There are 2 protein chains.
Amino acid sequence: MSASTHLADSCGPGDVYTAMCPCRDMLDLLANKWSALAIGALEDGPQRFGELRRQLQGISPKVLSASLKRLEDHDLVTRTVYAEVPPRVEYALTDLGHSAAVPLAALRDWVEDNVTTH
Amino acid sequence: MSASTHLADSCGPGDVYTAMCPCRDMLDLLANKWSALAIGALEDGPQRFGELRRQLQGISPKVLSASLKRLEDHDLVTRTVYAEVPPRVEYALTDLGHSAAVPLAALRDWVEDNVTTH
DNA sequence: CGTGATAGTACCCTACAGAAACCAGGTGCC
DNA sequence: GGCACCTGGTTTCTGTAGGGTACTATCACG
């Protein structure tokens, strides 16, 4: 179903409540457990695959690599490969990623503040 | 790092990066496309099932009812049945739900502001 | 010559998201 | 009477996202 006709501006200024708006995709990407955690982890600076894997406790390598690929596709993170041995790959936030990190941090903070460990 | 001890069933101050922390569940719930949209829709006041279904374009009744049930289980929304004909069921935010709506609104706003419609 | 580290991929399986059909049960319409 | 229509879901079926574990390539080190 290509919406690539002049239907493109059908959701005007961007409305996440409109099904065919491209911002739905972005919401689906960001409103996701692993994306929110990964972007938060990268706020501290670039991280390697293994570092992220350890930090995002419970994520499997397959899911981490898929999540990062999706974030890369949406220009939220960059992937830099260093031709070294052992191999080194660094993931870093783009400017867009850094700006997205702000509302995501607010969401994580709300969760940590409002879930009582009682 | 400060990873002195990983508590078995409690993560102390609440850390979404800890796999077994109960706040992981809450993050998983809120960091979700439909939850973010549903909570946003309910900010305007209580809504009926059919109203939400129309507002959250593209959601299926099964997924909507499951999402609302999950939000209800976490005390973010209330479900009120009126014994009328035709049947009427109203969903409304709790106080906790209203406070969660704030960071979620920020996230939706970021998405709408940063996804170019072309 | 075997072990370890890194950054993934391959394989398999389960659970859930999503689409479409269906249900209860009361009302208005003819 | 009989039938379509309203609401708020549930049931059924299927595709895909997620997850566990094993395995790869490359080189350094002992």
Side-chain angles (χ1 to χ4, degrees), chain A residues 1 16-21 24-39 41-42 45-74 77-92, chain B residues 16-21 24-39 41-42 46-74 77-92:
Chain A
M1 318 303 183
V16 288
Y17 285 94
T18 304
M20 56 282 208
C21 181
R24 242 323 158 71
D25 286 337
M26 184 62 92
L27 182 67
D28 195 33
L29 172 62
L30 291 184
N32 169 292
K33 183 176 52 171
W34 295 129
S35 297
L37 291 174
I39 290 179
L42 290 173
Q47 303 255 355
R48 305 176 60 172
F49 188 89
E51 290 170 336
L52 286 171
R53 189 177 165 187
R54 278 183 291 274
Q55 217 174 326
L56 278 60
Q57 290 188 17
I59 198 169
S60 71
K62 188 191 110 176
V63 174
L64 178 56
S65 107
S67 300
L68 291 170
K69 218 167 277 175
R70 210 174 150 206
L71 290 171
E72 200 193 346
D73 288 344
H74 285 76
V77 310
T78 55
R79 180 177 180 272
T80 311
V81 182
Y82 296 90
E84 300 174 358
V85 164
R88 185 158 66 97
V89 178
E90 272 192 356
Y91 293 89
Chain B
V16 287
Y17 286 94
T18 304
M20 55 282 209
C21 180
R24 240 328 155 68
D25 286 337
M26 184 61 93
L27 181 67
D28 196 33
L29 172 61
L30 292 184
N32 169 292
K33 184 176 51 171
W34 296 128
S35 297
L37 291 173
I39 290 178
L42 291 173
Q47 304 256 355
R48 305 175 60 173
F49 188 87
E51 291 170 335
L52 286 171
R53 190 177 164 186
R54 278 183 291 275
Q55 216 175 326
L56 278 61
Q57 290 188 18
I59 198 171
S60 72
K62 187 194 103 172
V63 173
L64 178 56
S65 106
S67 300
L68 290 171
K69 218 166 277 176
R70 212 174 149 206
L71 290 170
E72 201 193 345
D73 288 343
H74 285 77
V77 312
T78 56
R79 179 176 181 273
T80 311
V81 182
Y82 297 90
E84 301 175 358
V85 166
R88 186 159 65 97
V89 179
E90 273 192 354
Y91 293 90

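To find a chain, count down the sequence lines: A is the first, B the second, and so on, and within it residues start at 1. Not measured: the values here are computed from a predicted model.
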**Study point:** Salt bridge flag under 4.0 Å for residues A/Asp28 and A/Arg70
**Key:**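 Salt bridge present between A/Asp28 and A/Arg70.
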In terms of side-chain heavy atoms of [X], which of [options] is nearest?
X: B/Pro61; options: C/dT9, C/dT27, D/dT10; answer: D/dT10
X: A/Pro87; options: D/dG9, C/dT6, D/dG19; answer: C/dT6
X: A/Trp34; options: D/dG19, D/dA22, C/dG18; answer: D/dG19
X: B/Lys62; options: C/dA17, C/dT27, D/dG20; answer: C/dA17
X: B/Pro86; options: C/dA5, D/dT7, D/dC13; answer: D/dT7
X: B/Arg48; options: D/dT7, D/dT10, C/dT9; answer: D/dT7

Classify [X] by what it touches in the nucleic acid, base, sugar-phosphate, or nothing, heavy-atom distance under 4.0 Å.
X: A/Val89; answer: sugar-phosphate
X: A/Arg88; answer: sugar-phosphate
X: A/Asn32; answer: sugar-phosphate
X: B/Tyr82; answer: nothing

Would you tell me if any nitrogen or oxygen in the side chain of [X] comes within less than 4.0 Å of OP1 or OP2 on [N]?
X: B/Lys69; N: D/dT10; answer: yes
X: B/Arg79; N: D/dG9; answer: yes
X: A/Ser65; N: C/dA7; answer: no

**Study point:** Point-to-point distance, once rounded to the nearest 0.5 Å, from CG of B/Leu64 to CG of B/Leu37
**Key:** 11.0 Å
Point to revise | Reported CG-to-CG distance for the pair A/Leu30 and A/Leu71, which is rounded to 0.5 angstrom | key: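 Going from CG on A/Leu30 over to CG on A/Leu71, the span is 7.5 Å.
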In whole Å, I'd like the distance from the [atom1] atom of [X] to the [atom2] atom of [N].
X: B/Glu72; N: D/dG9; atom1: CD; atom2: C1'; value: 14 Å
X: A/Leu56; N: D/dG19; atom1: CG; atom2: P; value: 11 Å
X: A/Asp28; N: D/dG18; atom1: CG; atom2: C1'; value: 14 Å
X: A/Glu84; N: C/dT6; atom1: CD; atom2: C1'; value: 11 Å
X: A/Glu51; N: C/dT6; atom1: CD; atom2: P; value: 9 Å
X: B/Lys33; N: C/dA17; atom1: NZ; atom2: P; value: 10 Å
X: A/Leu64; N: C/dT6; atom1: CG; atom2: P; value: 14 Å
X: B/Arg24; N: D/dG19; atom1: CZ; atom2: C1'; value: 13 Å

Is it true that a side-chain atom of [X] and a backbone atom of [Y] form a donor plus acceptor pair closer than 3.5 Å?
X: B/Tyr91; Y: B/Val77; value: no
X: A/Arg48; Y: A/Glu90; value: no
X: B/Ser35; Y: B/Leu29; value: yes

